[in-house]
Every structure is written in C-alpha cells, then in structure tokens.
Amino acid sequence: MPQNVFRISTLCVCGVWSACFFGILALVPSAQAQEYYFVTYSHEMEEPGNLEIAAKNVVGAPKGGNGFAATALEFEYGVKTWWTTEIYLDGQTTAEESTVFTGFRWENRLRPLLSEHWINPILYFEFEDINGADKALLEVVGHDSRADFLARNSRAEKKRETEFKLILSSNFKGWNVSENMIAEKNLSGGAWEFGYAFGAGRPLALAASARKCVVCRENFVLGGEMYGGLGERHSFGLRDTSHYLGPVLTWNIPSGPALRLSPNFGLNGNSNGFLFRFMISYEIDQVFSKLRRN
C-alpha cells in the first residue's frame with residue numbers, strides 16, 4: 001500500500017473509531033481536563049473521583065520503513081488530591097505488516113506539595129509490560145532513534161521496565177511552563193536510560209465570554225513542546241539521540257470531549273522526519289458516585 005494512502009486511511013479509521021467511542025461517552029455529563037501536551041506532564045492532577053478516558057494516537061512514516069499508526073488508550077483516575085493513577089493499553093498497525101496489541105503501562109503521579117508554588121514538583125512512577133513492536137512514543141529516552149521503527153513487527157522481545165520522572169511545573173499570568181526529567185530501566189538488565197520533555201502553553205483568552213459558545217477563544221489552548229533522549233548511564237549526553245519539536249493545539253469543547261493536535265518535527269538524522277499526534281479525551285466527574293446512583 002502506498003505510504004500516502006496508508007496515512008490517509010489510518011487517520012480516517014482512527015478518527016472514526018475515536019468519534020464513535022467518545023460520542024457514546026458524550027451522553028454522560030463531563031468535567032473539563034486541564035492538560036496541555038502529549039509527552040510533557042504538568043503539575044495538574046486528576047480531581048478525586050473523576051475518570052478521564054483518552055485515546056492518544058501517533059502516525060509516522062519512517063524513512064526506509066513502513067508507515068505506522070499507534071494508539072495508547074488511557075484510563076486516568078483521581079484517587080486522592082495528591083495521587084493520580086493511570087492504565088494505558090497500547091496497540092499499533094503497520095502498513096504491509098500487521099496490527100498488534102503491544103502491552104500495558106501502569107502510571108502513578110504523586111504531588112507532595114498541595115498548595116500552589118512558584119515551582120510545583122510531581123513525582124512520577126511507571127511500570128511497563130510491553131513488547132518490541134510498541135510504537136506509542138509516549139516518551140523518548142536513551143538512544144531511541146528512527147532505526148527502531150524499521151524492523152518488522154515482532155512481539156518476541158519483552159520489555160518490562162520501570163520509569164521515573166521528576167516533573168517541575170509553574171503557572172504564571174496564564175502560562176504553564178513544565179519540565180520533565182526521565183529515567184528508565186529494563187528490569188531484565190541494561191543501563192539506565194535518560195530523556196527530557198519541555199512544554200509551554202496558554203489559553204487564547206483567560207476571561208470567559210459572557211455568552212456560552214463552543215468556539216470561544218477561552219476554549220482553545222496553544223502551546224508547544226520539545227522532547228528527546230539524553231543517552232545512558234555510561235554515555236550520557238546528546239550523541240546518537242533523537243529529538244522532536246512541535247506546536248500543540250487543544251480544543252476543550254464545553255460539556256464535551258477535548259481534542260488535541262500536534263505535528264512533530266524531527267530535529268536530527270536520528271529522528272523520524274515527521275510525526276502527527278492527535279488525541280481525543282473525555283472526563284467523567286465522580287464516576288463511581290454515578291454508578292452507585294444508577
């Protein structure tokens with residue numbers, strides 16, 4: 001299948017699937033998520049009792065390889081004011097190869113300081129049980145590169161990994177600025193791998209309009225993020241690493257889902273030249289209270 005036909009058909013399939021799934025969820029009253037980025041985390045936590053369901057998608061066509069589309073289906077729940085937990089279910093499809101389920105991730109974020117500060121730290125821990133075919137690209141660490149996407153789909157390689165992040169985030173005059181430092185290790189052995197993510201964003205308007213509308217400026221957030229690898233324990237630095245940069249646009253539809261788009265551009269020869277990320281998310285407030293009432 002030609003790469004351009006694959007990319008168009010994949011976008012259509014992912015878009016239709018997401019629209020149907022979240023169209024059903026739209027029948028349930030929602031809260032509004034406050035996230036700005038795809039890879040970078042801010043200090044915003046899920047409200048206790050709220051459940052956010054999101055489909056994070058990435059489409060790419062690595063030079064010399066087959067085009068792919070990967071999805072990480074996310075279930076994020078606010079356990080406490082200071083504790084948010086998430087489960088990810090990953091899968092991908094690659095042109096002229098196969099469609100595979102690639103594993104799961106369990107993520108936890110802890111906020112040690114509940115009040116707002118100039119810099120707000122978040123402690124992040126994740127366990128991953130994925131295989132070598134995973135292409136969700138939720139982060140870039142170590143010497144991850146375009147070459148990792150050239151091999152044919154195979155679930156033979158198992159990756160059971162732990163990942164830690166130090167998240168530092170600030171809000172200032174409507175802006176959010178967030179920095180993430182990442183450390184990841186395969187539990188079967190190997191060196192620690194490092195990476196980073198940086199993001200900044202701001203709503204197009206801080207004051208709400210007098211009238212209710214769907215396309216008002218306050219419903220849109222514009223920002224950008226940059227992320228990449230920082231080598232390993234014994235080869236820390238930028239050599240033989242990949243890096244990406246791109247704008248991020250979020251549309252928070254009142255009483256409905258949030259849509260997010262981001263074209264990502266590779267910054268060196270080790271990176272994929274272009275990635276397109278898109279996400280649709282829906283937040284259900286006090287989900288277990290609603291289930292008990294029903």
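The same ILVMFWY cluster, assembled from side-chain heavy atoms under 4.5 Å apart, contains both Phe68 and Met279. Transitive grouping of hydrophobic side chains (ILVMFWY, heavy atoms separated by less than 4.5 Å) keeps Leu137 and Val141 in distinct clusters. In the hydrophobic clustering of this structure, Ile167 groups with Leu138; members are Ile, Leu, Val, Met, Phe, Trp, Tyr whose side-chain heavy atoms approach within less than 4.5 Å, directly or through other members.
Atom NZ of Lys63 sits in a sparse spot, with 12 or fewer heavy atoms from other residues, nucleotides or ligands closer than 6.0 Å.
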Solution key, residues 202-216 side-chain donor-acceptor pairs under 3.5 Å, sequence neighbours excluded:
from: Ser209; atom 1: OG; to: Glu218; atom 2: OE1; distance (Å): 3.2
from: Ser209; atom 1: OG; to: Glu218; atom 2: OE2; distance (Å): 3.2

Solution key, residues 73-80 side-chain donor-acceptor pairs under 3.5 Å, sequence neighbours excluded:
from: Glu74; atom 1: OE1; to: Lys56; atom 2: NZ; distance (Å): 3.4
from: Glu74; atom 1: OE1; to: Tyr88; atom 2: OH; distance (Å): 3.4
from: Glu76; atom 1: OE1; to: Arg109; atom 2: NH1; distance (Å): 3.4

Side-chain polar contacts of residues 221-229 - donor-acceptor pairs under 3.5 angstrom, sequence neighbours left out - could you list them?
from: Glu225; atom 1: OE1; to: Val39; atom 2: N; distance (Å): 3.2
from: Glu225; atom 1: OE1; to: Thr40; atom 2: N; distance (Å): 2.9
from: Glu225; atom 1: OE1; to: Thr40; atom 2: OG1; distance (Å): 2.9
from: Glu225; atom 1: OE2; to: Phe38; atom 2: N; distance (Å): 3.1
from: Glu225; atom 1: OE2; to: Val39; atom 2: N; distance (Å): 3.3
from: Tyr227; atom 1: OH; to: Asn264; atom 2: OD1; distance (Å): 2.6
from: Tyr227; atom 1: OH; to: Arg277; atom 2: NE; distance (Å): 3.3
from: Tyr227; atom 1: OH; to: Arg277; atom 2: NH2; distance (Å): 3.1

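The structure places CD of Glu179 at 10.5 Å from CE of Met181, a figure rounded to the nearest 0.5 Å. For the atom pair Glu46 CD and Glu35 CD, the distance stands at 7.5 Å (nearest 0.5 Å).
Residues forming a ring-ring contact (aromatic ring centres under 6.0 Å, His included) with Phe194 (at least two apart in sequence, or on another chain): Phe236. In this structure Phe220 satisfies the ring-ring contact (aromatic ring centres under 6.0 Å, His included) test together with Trp251, sequence neighbours excluded. Judged as a side chain to side chain donor-acceptor pair (under 3.5 Å), and not counting sequence neighbours, the contacts of Asn272 are Tyr244. Scanning for ring-ring contact (aromatic ring centres under 6.0 Å, His included) contacts around Phe101 gives an empty result, with sequence neighbours left out. Scanning for ring-ring contact (aromatic ring centres under 6.0 Å, His included) contacts around His243 gives Tyr196, with sequence neighbours left out.
When side chains are defined from C-beta on, Ser145 does not count as touching Ser271, because their heavy atoms never get closer than 4.5 Å. At a threshold of 4.5 Å between non-hydrogen side-chain atoms, the residues Leu166 and Asn180 do not count as touching. In this structure the side chain of Arg146 never reaches within 4.5 angstrom of the side chain of Asn270, judged on heavy atoms.
Applying the ring pair (Phe, Tyr, Trp, His ring centres under 6.0 Å) rule to pairs touching residues 109-135 yields Tyr41-Tyr124, Trp118-Phe172, Phe125-Phe164, sequence neighbours excluded. A ring pair (Phe, Tyr, Trp, His ring centres under 6.0 Å) check over residues 46-67, counting only residues at least two apart or in different chains, returns nothing.
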For this session: Output, in order, the C-alpha distance, side-chain angles, deciding distance and verdict of salt bridge (Lys or Arg N to Asp or Glu O under 4.0 Å) for Lys158 and Glu128.
Result: CA-CA 10 Å; Lys158 302 297 183 182; Glu128 305 175 2; over 6 Å; no
For this session: Decide side chain to side chain contact (heavy atoms under 4.5 Å, CB included) for Thr84 and Asn108; before the verdict, give the C-alpha distance in whole Å, the side-chain angles of both, and the deciding distance to 0.1 Å.
Result: CA-CA 6 Å; Thr84 293; Asn108 291 276; over 6 Å; no
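Its side chain outside the 4.5 Å cluster rule for every partner, Trp175 clusters with none of the Ile, Leu, Val, Met, Phe, Trp and Tyr residues. In this structure, Phe198 belongs to a hydrophobic cluster whose other members, linked by side-chain heavy atoms under 4.5 Å apart, are Val177.
Panel note: side chain Ser242, backbone Asp144; a donor-acceptor pair is recorded below 3.5 Å. No donor-acceptor pair under 3.5 Å is formed between the side chain of His43 and the backbone N or O of Asn120. Looking at Arg111, its side chain never comes within 3.5 Å of a backbone N or O of Trp83 through a donor-acceptor pair. Side chain of Asn50 to backbone of Gln286: a donor-acceptor contact under 3.5 angstrom is found. At least one donor-acceptor pair under 3.5 Å links the side chain of Ser154 to the backbone N or O of Ala156. Side-chain atoms of Thr241 do not come within 3.5 Å of backbone N or O of Leu230 as any donor-acceptor pair. For the pair Asn171 (side chain) and Gly174 (backbone), a donor-acceptor distance under 3.5 Å is absent. In this structure a side-chain-to-backbone donor-acceptor pair under 3.5 Å is present from Asn57 to Ala55.
Between the side chains of Ser169 and Asn176, at least one donor N or O lies within less than 3.5 Å of an accepting N or O. Side-chain contact check for Asn66 and Glu97: at least one donor-acceptor pair (N or O, by modelled atom type) lies under 3.5 Å. Inspection of the Ser188 and Lys159 side chains reveals no N or O donor paired with an N or O acceptor under 3.5 Å.
Shown are Thr102, Asn153, Thr99, Asp134; of these, the side-chain hydrogen bond (donor to acceptor under 3.5 Å, both in side chains) with Gln92 is made only by Asn153.
Nearest approach of Ile280 to Pro257, heavy atoms of both residues: CG1-CB, 4.0 Å. What you find for Pro247 and Phe265 is that their closest heavy atoms are CD-CE1, 4.5 Å. Taking every heavy atom of both residues into account, Arg160 and Asn186 meet most closely at O-OD1, 3.4 Å. Taking all atoms of both residues into account, the shortest heavy-atom contact from Gly201 to Tyr37 is N-OH, 3.3 Å. Across all non-hydrogen atoms, the minimal contact from Phe149 to Pro62 is CB-CG, 3.8 Å.
Glu184 and Lys165 are not joined by a salt bridge, as no carboxylate oxygen comes within less than 4.0 angstrom of a charged side-chain nitrogen.
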